[in-house]
Amino acid sequence: MPDPVRLTFPDGRSLEVPAGTTVADCLVRWDPARAAAALAGSWDGRALDLASPVPGSGHLAPLSFDDRAGREILQHSSAHLVAKALTEAIPGALPTHGPPTEEGFFYDFEVRPLTPEDLDQVRSGMRRSVAAREPFRRKEVSRAEAERLFAGNPHKLRYIREAPADEAISYYETGAFIDLCRGPHVPDTGWLQGVHLLGFSAITPEAGSGAPPLQRIRGVGFPTEAGLREYLKLRSEAEARDHRTLGQKLELIAFFDEAPGFPALLPKGITVVRELERFVREHLKDAGYAEIRTPLMWAQSVYETSGHWSHYRENMFLTEADDRMWGWKPMNCPGSMLIFKSRARSYRELPLRYAEFAPLHRYEPSGTLHGLTRVREFVQDDAHLFVTEAQIEPEIKKLLAWIARAFSTFRLQWSYELSTRPAEFLGEREAWDRAEATLERILRETGIEYRVSPGEGAFYGPKIDIHVRDSLGRPWQLGTIQLDYQIPARFELKYQGPDGTLHTPIVIHRVILGSFERFLGVLLEHTGGRLPPWLAPVQLRILPVTEQQAEAARGLEEELLADGVRVERTGTEESLSKRVRSAEIERIPYVVVIGEKEVAQNGTSVRIRGTKESLALSRAELRQRLRDKIGSRAFEP
RNA sequence: GCCACUGUAGCUCAGCGGCAGAGCGGCUGAUUCGUAAUCAGCAGGUCGGGGGUUCAAAUCCCUCCAGUGGCUCCA
């Protein structure tokens, strides 16, 4: 009889159990309630099946769906379930891998192109399996045995060959289906009540790999059907916030088949964008920027100098004139560089900050276009800062402060990502290392939490990106701060230093809101179309109850127009209820009803968006409230 | 760009080989109304474009365009 093992648990209690006791039994002896919610166990940080014996003394914790690790186990088990059902439905289909993702899971197969009917079959196969509560049985085998078992599947053979030599090869058996897998898994398929397939798509194989295209089935799993229902409800609510639908319903934007990816801004849309621009320009003025406007097109030679010709040409709209090639600018940097170069510069001018809000054109692949968030023509709140080495840090710190202020104004949650040298890059590795180290140090010193994305930097420098999520949880990059030692040198930019010699400035490329188009899209989803009063295309609508109050309504309208409020007034052909409803649907922040009573008291009855009751305010009080809310760029009316 | 799916009135959608429909919106008229839909009438369509099959095509096939979901890429 081997020695008993001693286990400690999350609440600090410890327990002695005979060696070989299963994880499940240990957890039950510790806390039956918490054991019941466990999908698997974590022993000294290693995830284990509930049916596995504890390997020895150590710390044991349950993993439930509420833990990230537990959630991933359930997703991964769901992926196995999909693979089982699909290989049963389509004999000869080769499973490759099926990892958990942030949202759920996917499983990739080498198989003929799938059809919606295949998916139905997979669904019913999964239902049968769940009802049968088939156990996930773990088996450990030798490499040779594993290669024999998976001889028909080159993908699995590759994984076996690639597995670290010291690692045991394990596979899981679910009914007649076996899958090479490290595990762990939920105990049986009965735990996968809430599995839902999201769709299927083809996977583009890595260019030049010669690999066959794969078919991916995506899904998401929940421990209960109720959990799934909750998720589906949230998802359909999120779909109602889709900026493409809202943008159309609120008459902000339009798209044309004849110009895919080129969003048109309707009168209301341009109103919002102008307000956003005003917000940004006010800051630029305070922060010492100068605004410039440079050509939308440049001849090829400019892009050869900047590096875009060799690194970005596939993404540019090109045209020919005067016997040479021209490119619509995909970024503002070449113009800023040439303006800097247009005369001799002194160190006294630095930091020199040039802002430019010009339309940019990028030839994005047709399949990647998406509403306002991925387009081919857009305007950024762009600027280029020409700085000395010593000015990098204070300038970037100022930018980080502006980011925090700007995004807080919209109550957006944002996150930072540091992207480092890509495979294709300009310049010397040493310069890159230095630039990356600088950005990293600034982030650390500022106490900012950030993720690192290796190899995701721009071709000319590393960057700090700002990401926010849309209503469906899709992350979008908005702002970016890019440190560039390359392009200024390529343009041979010089300034005269205090020592009398010429130096090359460093350039910080930066956008904060990203593009106004994408920002509007994200903002619409974030607010469900209920834009803050300062951004609302129509800020206030006056509804006279009957024709008797038309005159008073006109008077109020004039007063508010004089205050600069974007105000509208309705006729009385439609019922008051109908007009209130329309205003509500249009997400107008303030709806003012003028009836007999209001006229008698020279007052207003104000319905504030998001509330059902109306507020009796004098005209002066109403004007004051509008001044406060709009002037301070308050988020709520 | 790749794979799959979708495209019918301004919008949301039904119709899926045999006479192009509904609701909302629009217009006209009546109603003058107190905080989310007053009533009636009318107009509005080469069924995404082109080609084919068929006695007959919105419907079946081919192709192009656009959109959607993924992949790749990206502000």
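Letters A, B, ... are given to chains in the order of the sequence lines, protein chains preceding strands, and every chain is numbered from 1. It should be emphasised that the depicted structure is a prediction, and the values quoted were computed from it without experimental measurement. Only this structure's heavy atoms are used, side chains among them; waters, hydrogens and symmetry mates stay out.
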Counting only side-chain N and O atoms of A/His370, is one of them less than 4.0 Å from OP1 or OP2 of B/G69?
->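 Yes.
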
Across the strands shown, which category fits [X] at heavy-atom distances under 4.0 angstrom: base, sugar-phosphate, nothing?
{"X": "A/Leu369", "answer": "sugar-phosphate"}
{"X": "A/Arg216", "answer": "sugar-phosphate"}
{"X": "A/Gln477", "answer": "sugar-phosphate"}
{"X": "A/Glu596", "answer": "base"}
{"X": "A/Gly595", "answer": "base"}
{"X": "A/Arg362", "answer": "base"}

Please determine, for [N], whether a Watson-Crick or G-U wobble partner exists with both distances under 3.5 Å, and give it or none.
{"N": "B/U46", "answer": "none"}
{"N": "B/A58", "answer": "none"}
{"N": "B/C73", "answer": "none"}
{"N": "B/G41", "answer": "B/C27"}
{"N": "B/U35", "answer": "none"}
{"N": "B/G7", "answer": "B/C65"}
{"N": "B/A20", "answer": "none"}
{"N": "B/U53", "answer": "none"}

Quick one: which of B/C33, B/G34, B/A75 gets closest to the side chain of A/Thr546?
-> B/C33

Which of the following nucleotides, B/G69, B/G67, B/A75, is nearest to the side chain of A/Pro260?
->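 My answer, after comparing the listed nucleotides, is B/G67.
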
Determine the interplanar angle of the [X] and [Y] rings, folded into 0 to 90°, and report it as parallel if under 30°, tilted if 30 to 60°, perpendicular if over 60°.
{"X": "A/Phe106", "Y": "A/His97", "value": "perpendicular"}
{"X": "A/Phe459", "Y": "A/His308", "value": "perpendicular"}
{"X": "A/Phe317", "Y": "A/Tyr363", "value": "perpendicular"}

Closest to the 5' end of RNA chain B, once A/Gly261 and A/Gln482 are matched to their nearest nucleotides, is A/Gly261

Report the residue (A/Arg579 or A/Val375) whose heavy-atom-nearest nucleotide on RNA chain B is the more 5′ of the two.
-> A/Arg579

Contacts of type ring pair (Phe, Tyr, Trp, His ring centres under 6.0 Å), residue [X], not counting sequence neighbours:
{"X": "A/Phe357", "answer": "A/Phe516"}
{"X": "A/Phe407", "answer": "A/Trp414"}
{"X": "A/His467", "answer": "none"}

What is the per-nucleotide protein-contact pattern of nucleotides 35-47 of chain B, from the 5' end, where B denotes a base atom under 4.0 Å from a protein heavy atom, S denotes such proximity for sugar-phosphate atoms only, and - denotes neither?
-> BBBB---------

Reading nucleotides 4-13 of chain B from 5' to 3' and marking B where a protein heavy atom lies under 4.0 Å of the base, S where only the sugar-phosphate is that close, and - otherwise, the string is S------SS-

Tell me: [atom1] of [X] to [atom2] of [N], nearest whole Å?
{"X": "A/Tyr312", "N": "B/C74", "atom1": "OH", "atom2": "P", "value": "8 Å"}
{"X": "A/Leu198", "N": "B/G69", "atom1": "CG", "atom2": "C1'", "value": "10 Å"}
{"X": "A/Glu547", "N": "B/A30", "atom1": "CD", "atom2": "P", "value": "13 Å"}
{"X": "A/Asp382", "N": "B/A75", "atom1": "CG", "atom2": "C1'", "value": "10 Å"}
{"X": "A/Tyr460", "N": "B/A75", "atom1": "OH", "atom2": "C1'", "value": "10 Å"}
{"X": "A/Ile594", "N": "B/C33", "atom1": "CD1", "atom2": "P", "value": "16 Å"}
{"X": "A/Leu372", "N": "B/A75", "atom1": "CG", "atom2": "P", "value": "17 Å"}
{"X": "A/Glu377", "N": "B/A75", "atom1": "CD", "atom2": "P", "value": "17 Å"}

Residue pairs meeting side-chain hydrogen bond (donor to acceptor under 3.5 Å, both in side chains), one or both in residues 586-600 of chain A, sequence neighbours left out, come to A/Arg541-A/Glu586

Between [N] and [M], how far apart are the two [atom1] atoms, rounded to whole Å?
{"N": "B/C27", "M": "B/A14", "atom1": "P", "answer": "28 Å"}
{"N": "B/C5", "M": "B/A9", "atom1": "P", "answer": "23 Å"}
{"N": "B/C16", "M": "B/G7", "atom1": "P", "answer": "13 Å"}
{"N": "B/U38", "M": "B/C33", "atom1": "C1'", "answer": "9 Å"}
{"N": "B/G67", "M": "B/U53", "atom1": "P", "answer": "31 Å"}
{"N": "B/G44", "M": "B/G10", "atom1": "C1'", "answer": "9 Å"}
{"N": "B/G48", "M": "B/A30", "atom1": "C1'", "answer": "40 Å"}

Can you find a donor-acceptor pair, distance only, under 3.5 Å between A/Arg374 side chain and B/C73 base?
->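 Such a pair exists between side chain and base.
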
Before giving the answer on ring-ring contact (aromatic ring centres under 6.0 Å, His included), spell out for A/Phe105 and A/Tyr107 the whole-Å C-alpha distance, their side-chain angles and the decisive distance to 0.1 Å.
-> CA-CA 7 Å; A/Phe105 65 88; A/Tyr107 210 118; 8.7 Å; no

Taking all atoms of both residues into account, what is the closest heavy-atom pair of A/Val122 and A/Ala85, and its distance?
->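 For A/Val122 and A/Ala85, the tightest heavy-atom pair comes out as O-CB, 3.4 Å.
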
Any donor-acceptor pair under 3.5 Å from A/Asp381 side chain to A/Leu513 backbone = yes

Please name the residue in the list A/Lys329, A/Arg374, A/Met331, A/Met316 that meets the side-chain contact (heavy atoms from CB on, under 4.5 Å) test with A/Arg362.
-> A/Met331

Apply the test side-chain hydrogen bond (donor to acceptor under 3.5 Å, both in side chains) to residues A/Gln548 and A/Thr546: give CA-CA distance (whole Å), side-chain angles for both, the deciding distance (0.1 Å), then the verdict.
-> CA-CA 5 Å; A/Gln548 311 304 310; A/Thr546 72; 4.6 Å; no

